[in-house]
K.L.:
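Encoded as structure tokens, here's the structure I'll be asking about.
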Amino acid sequence: MPATHLHHHAPRILPREFYGASPKVVARKLLGKLITHQLNGERLTGRIIESEAYLGRCDPASHAYGGETARNAVLFGPPGYSYVYFIYGMHYCLNFSCQKQGEPGGVLIRALEPVAGLETMTRLRGLSGIGRRKLLCSGPGRLCQALGITLAQDNNLDVTVVDSRLQVLDDGSPPPSILVTPRIGISKAEDLPLRFVVTG
DNA sequence: GGAGCGATGTCCT
DNA sequence: GGACATCGCTCCG
């Protein structure tokens with residue numbers, strides 16, 4: 001067995017308590033974890049390599065800023081649920097709710113390293129096949145397209161239960177080294193260091 | 001390889 | 001009616 005596998009174990013679903021912390025803590029700790037989406041009987045899996053924390057009521061860049069609406073209700077619910085929204089008329093973005101019920105907070109998943117189901121991901125992305133690995137799952141819209149995640153099917157799913165089509169797993173891979181930067185693509189609260197990227 | 005920009009639907013004022 | 005937690009194309013170097 002290769003040395004890189006020595007610290008791995010069978011993937012375990014992250015428990016609800018994992019998401020109970022602040023978005024900042026959860027966003028950092030999600031790096032290196034696996035997201036897997038069951039689509040037509042196939043598992044599409046990627047490792048999280050970029051995330052952003054959205055803090056809630058006090059954060060002008062958060063969807064929860066300004067109070068609860070039909071769209072952002074998941075953020076106000078219990079931790080460990082998927083929050084999928086539609087943006088710019090053509091893209092979906094995937095988040096996970098965190099903090100306890102009534103305290104809104106979320107983590108945006110910005111990039112994955114493809115792990116399983118690359119052929120299907122390539123097809124879903126509309127890419128030709130060779131040499132496009134970098135474009136497969138880098139970007140919040142791209143990774144949703146690659147994994148087949150949509151608002152209609154994947155919003156408000158409990159990702160901590162065994163029978164969920166969408167799950168987040170810990171395979172015991174060692175904690176990655178992390179770069180912290182300001183968040184990307186927002187126009188409010190731009191300077192806060194709430195973006196987390198795996199280096200390399 | 002990077003800046004500029006159009007596409008496009010939904011939410012909220 | 002405007003903004004938007006984006007992407008991929010064009011054009012220019």
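Source: prediction; values computed, not measured. Just so it is clear: chains get the letters A, B, ... in the order the sequence lines come, proteins before strands, and each one is counted from 1. Below, each value reflects all heavy atoms present in this structure, side chains not excepted, and no hydrogens, waters or symmetry copies.
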K.L.:
Roughly, in whole Å, what's the span from NZ in A/Lys134 to P in C/dC7?
P.N.:
14 Å

K.L.:
Rounded to whole Å, please give me the gap between CG in A/Leu108 and C1' in C/dT6.
P.N.:
11 Å

K.L.:
For DNA chain C, whose closest nucleotide is more 5', that of A/Arg125 or that of A/Leu75?
P.N.:
A/Leu75

K.L.:
Which nucleotide, C/dC4, C/dG8, C/dC7, lies nearest any side-chain atom of A/Pro140?
P.N.:
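Among C/dC4, C/dG8, C/dC7, the one nearest the side chain of A/Pro140 is C/dC7.
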
K.L.:
Does A/Gln167 use its side chain to pair, donor to acceptor, with the backbone of A/Val161 at less than 3.5 Å?
P.N.:
yes

K.L.:
Testing the basics here: between A/Pro114 and A/Leu136, what is the closest heavy-atom pair and its distance to 0.1 Å?
P.N.:
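That closest heavy-atom pairing would be CG-CD1, 3.7 Å.
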
K.L.:
Send over the distance from A/Leu135 CG to B/dG1 C1', rounded to a whole Å.
P.N.:
13 Å

K.L.:
Tabulate below the donor-acceptor pairs under 3.5 Å that side-chain atoms of residues 90-105 of chain A make, not counting sequence neighbours, or state none.
P.N.:
{"from": "A/Asn95", "atom 1": "ND2", "to": "A/Tyr83", "atom 2": "O", "distance (Å)": "3.2"}
{"from": "A/Ser97", "atom 1": "OG", "to": "A/Pro78", "atom 2": "O", "distance (Å)": "2.8"}
{"from": "A/Ser97", "atom 1": "OG", "to": "A/Gly80", "atom 2": "N", "distance (Å)": "3.3"}
{"from": "A/Ser97", "atom 1": "OG", "to": "A/Tyr81", "atom 2": "N", "distance (Å)": "3.0"}
{"from": "A/Ser97", "atom 1": "OG", "to": "A/Tyr81", "atom 2": "O", "distance (Å)": "3.4"}
{"from": "A/Gln99", "atom 1": "NE2", "to": "A/Pro104", "atom 2": "O", "distance (Å)": "3.1"}

K.L.:
What's the shortest heavy-atom distance between A/Leu31 and A/Ile49, and which atoms?
P.N.:
CD2-C, 3.6 Å

K.L.:
Counting the atoms with a prime plus P, OP1 and OP2 as sugar-phosphate, which does A/Arg110 contact under 4.0 Å by heavy atoms, base, sugar-phosphate, or nothing?
P.N.:
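Contact class for A/Arg110: sugar-phosphate only.
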
K.L.:
Can you check whether any acceptor in the base of B/dA7 is under 3.5 Å from a donor in the side chain of A/Tyr88, or vice versa?
P.N.:
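Not at all, since no donor on one side and acceptor on the other fall under 3.5 Å apart.
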
K.L.:
Can you give me the closest heavy-atom contact between A/Thr199 and A/Ile178, atom names plus distance?
P.N.:
CG2-C, 4.2 Å

K.L.:
side-chain hydrogen bond (donor to acceptor under 3.5 Å, both in side chains), that's the test. Do A/His37 and A/Asp154 meet it? Break it down for me.
P.N.:
CA-CA 9 Å; A/His37 188 227; A/Asp154 299 298; 2.8 Å; yes

K.L.:
Can you tell me the distance, in whole Å, between the CD atom of A/Gln145 and the P atom of B/dA7?
P.N.:
19 Å

K.L.:
Distance check needed: C/dA3 P versus A/Lys188 NZ, whole Å only.
P.N.:
10 Å

K.L.:
So what's B/dA7 paired with, Watson-Crick or G-U wobble, going by both distances under 3.5 Å?
P.N.:
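Across all strands, the one nucleotide that pairs with B/dA7 is C/dT6.
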
K.L.:
For the side chain of A/Met90, starting at C-beta, report the closest nucleotide among C/dC4, C/dT6, B/dA7.
P.N.:
B/dA7

K.L.:
Would you mind reading off the distance between A/His63 atom NE2 and C/dT6 atom C1', rounded to a whole angstrom?
P.N.:
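Result: 12 Å.
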
K.L.:
Could you state the atom-to-atom distance from CZ of A/Arg142 to C1' of C/dC9 in whole Å?
P.N.:
12 Å

K.L.:
Using the rule for Phe, Tyr, His and the six-membered ring of Trp, do A/Tyr85 and C/dA5 stack at under 5.5 Å and under 30°?
P.N.:
no

K.L.:
Would you kindly give the CG-to-C1' distance between A/Leu94 and C/dT6, to the nearest whole Å?
P.N.:
15 Å

K.L.:
Is any side-chain nitrogen or oxygen of A/His91 closer than 4.0 Å to OP1 or OP2 of B/dT8?
P.N.:
no

K.L.:
Check this one for me: any side-chain N or O of A/Ser187 less than 4.0 Å away from OP1 or OP2 of C/dC4?
P.N.:
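For C/dC4, OP1/OP2 do have a side-chain N/O of A/Ser187 under 4.0 Å.
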
K.L.:
So A/Ile186, base contact, sugar-phosphate only, or nothing? Heavy-atom distance under 4.0 Å.
P.N.:
sugar-phosphate

K.L.:
Show each protein N/O and nucleotides 10-13 of chain B N/O combination with a separation under 3.5 Å, one pair to a line.
P.N.:
{"from": "B/dC12", "atom 1": "OP1", "to": "A/Thr69", "atom 2": "OG1", "distance (Å)": "2.3"}

K.L.:
Any donor and acceptor pair, going by atom type alone, linking the side chain of A/Thr122 with main-chain N or O of A/Leu127 inside 3.5 Å?
P.N.:
no

K.L.:
Under the 3.5 angstrom rule, does the side chain of A/Arg125 hit a backbone N or O of A/Met121 as a donor-acceptor pair?
P.N.:
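Here the side-chain-to-backbone pair does not exist.
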
